Amino acid sequence: MVAQGAVVVAGIVTASAVAALIGPPLFHDHLLRAGMSASASELAHVEQAYNEASFVSLAVALVIAVLCALGVTWYVAGRLTRPLAVLTAAAHEMGEGNYAARATVSDAGPELASLAEAFNAMAGRLGDAEQTRRRLVGDVAHEMRTPVATLAAYLDGLDDRVVAWDEPTSSLFRSNVERLARLCDDMSAVSRAEEGRLELRRSNVEVRELLETAKREVRSGFSTKGVRLELGQCADARVVADPERVGQVLANLLANALRHTPAGGEVILSATQSGGEVRLVVQDSGEGLEPDQLTHVFERFYRGDAARTRDARGSGVGLTIAKAIAQAHGGRLTVTSPGRGHGATFTLSLPVGS
Ligand SMILES: Nc1ncnc2c1ncn2[C@@H]1O[C@H](COP(=O)(O)OP(=O)(O)OP(=O)(O)O)[C@@H](O)[C@H]1O
Ligand SMILES: [Mg+2]
């Protein structure tokens, strides 16, 4: 309003100054050139008429300009304040922990509409992160309960002298403490992955190199257990990916395959190209998965075998992280299995590089 007023006043002052200083001498000069005598009384009348006409026109212009300024201010302020009030209310709601709050801004112009869109996208991300945090806290509490309860029971037993501090007790303590320590690491890794905060250092890498590196890294574990690890068909292709992260996914898939394949079994690592994607495949001849397990293996802390809960080896987050890494690359991680006892095939699809 003040800005509009300043513009109106500046316009009127300029117009009045021009009309007062330049208009009358110019008019007077033209009247003389038109043949009117400088002493004629008509000249004074005509000049007075000119001055009055100028004054009236300026006064009318001032009133109309002020009215227009008021109208425009009212309209523009209305268009700005309504959506801003909606955005402020939504921000307050979010501040109080309601991450479902969204700002609906209509007919406010493209700038405010895109501000509202950005706000809503931010609210969505915060809501997802909050939901992940809540679920994670629940899952972690659940995961911690078993080792903590075991340790507490043994401590009671030691206090009451019904349990002796011997080798089995010491190794039970160690494995449960290690399990809790690994849980802490996994927790932070999985929350970073699920919130999409993974940093990717992409480069154009040869698929063969990825497979060979992955194989090299796990070779000794396979030969120790007596499981054959073969490099099958390998497409002569490249992918745009972070080689370290892809290596992490392959290492997890191979560790799983090794864990779930009995001695004498076989794991085949291969790569094929089809359309715009390259598929890296880890196929094992091991335990396999029931059809209903296929939908759960990527869930956080899911472990197929309930007895494995007390097994110090896995937290059940490897595939969750692997899937998040695949998605961060614009790819997918999928699993198929013909059924229990018939092996499993995990496929990491990545966009093809040049
Ligand atoms: N190749 C496989 N064959 C059969 N079951 C598998 C295979 N890979 C994974 N699974 C099942 O999926 C579950 C989840 O795997 P995931 O890698 O997420 O966790 P994990 O291996 O148990 O623990 P970690 O967090 O150490 O990886 C496993 O516990 C297992 O039941
Ligand atoms: Mg695993």
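Along the sequence shown, the residues carry numbers beginning at 1. Start at 1 and go down the list; that is how both ligands and their atoms are numbered. All heavy atoms count here, side chains included; hydrogens, waters and symmetry mates do not. Since the model is a prediction, treat every value here as computed from it, not as a measurement.
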Check your understanding: Under 4.0 Å from ligand 1, counting heavy atoms only, is it the side chain of D284, its backbone, both or neither?
Key -> side chain

**Study point:** Non-hydrogen side-chain atoms of L112 and L84 separated by less than 4.5 Å
**Key:** yes

Practice item. Output the list of atoms in ligand 1 that are nearer than 4.0 Å to some heavy atom of R259, sorted by atom number. Key: 20 (P), 21 (O), 22 (O), 23 (O)

Check your understanding: Which ligand 1 atoms, with their elements, are less than 4.0 angstrom from a heavy-atom of V317?
Key -> 18 (O), 19 (O), 25 (O)

**Study point:** E178 with R182: basic N within carboxylate O range, under 4.0 Å
**Key:** no

Review point. Any idea which atoms of ligand 1 are less than 4.0 Å away from a heavy-atom of A257?
Key: 1 (N)

Review point. Is any side-chain heavy atom of Y302 less than 4.5 Å from a side-chain heavy atom of Q293?
Key: yes

**Study point:** Interfacing atoms of ligand 1 (cut-off 4.0 Å, heavy-atom, G288)
**Key:** 4 (C)

Practice item. Only heavy atoms count here, so choose which of A251, G318, G343 is nearest to atom 27 (O) of ligand 1. Key: G318

Practice item. Answer yes when E143 and R303 have at least one side-chain N-carboxylate O distance shorter than 4.0 Å, and no when they do not. Key: yes

Practice item. Would you mind reporting whether V267 and L258 have side-chain heavy atoms less than 4.5 Å apart? Key: no

Review point. What do you reckon, does N256 have a nitrogen or oxygen under 3.5 Å from a nitrogen or oxygen of ligand 1?
Key: yes

Review point. Which atoms of ligand 1 have any heavy atom of N252 under 4.0 Å away?
Key: 17 (O), 27 (O)

Review point. Do L319 and L253 have side chains that get closer than 4.5 Å, going by heavy atoms?
Key: yes

Review point. Can you list the atoms of ligand 1 that are under 4.0 Å from a heavy atom of Y302?
Key: 13 (C), 14 (C), 29 (O)

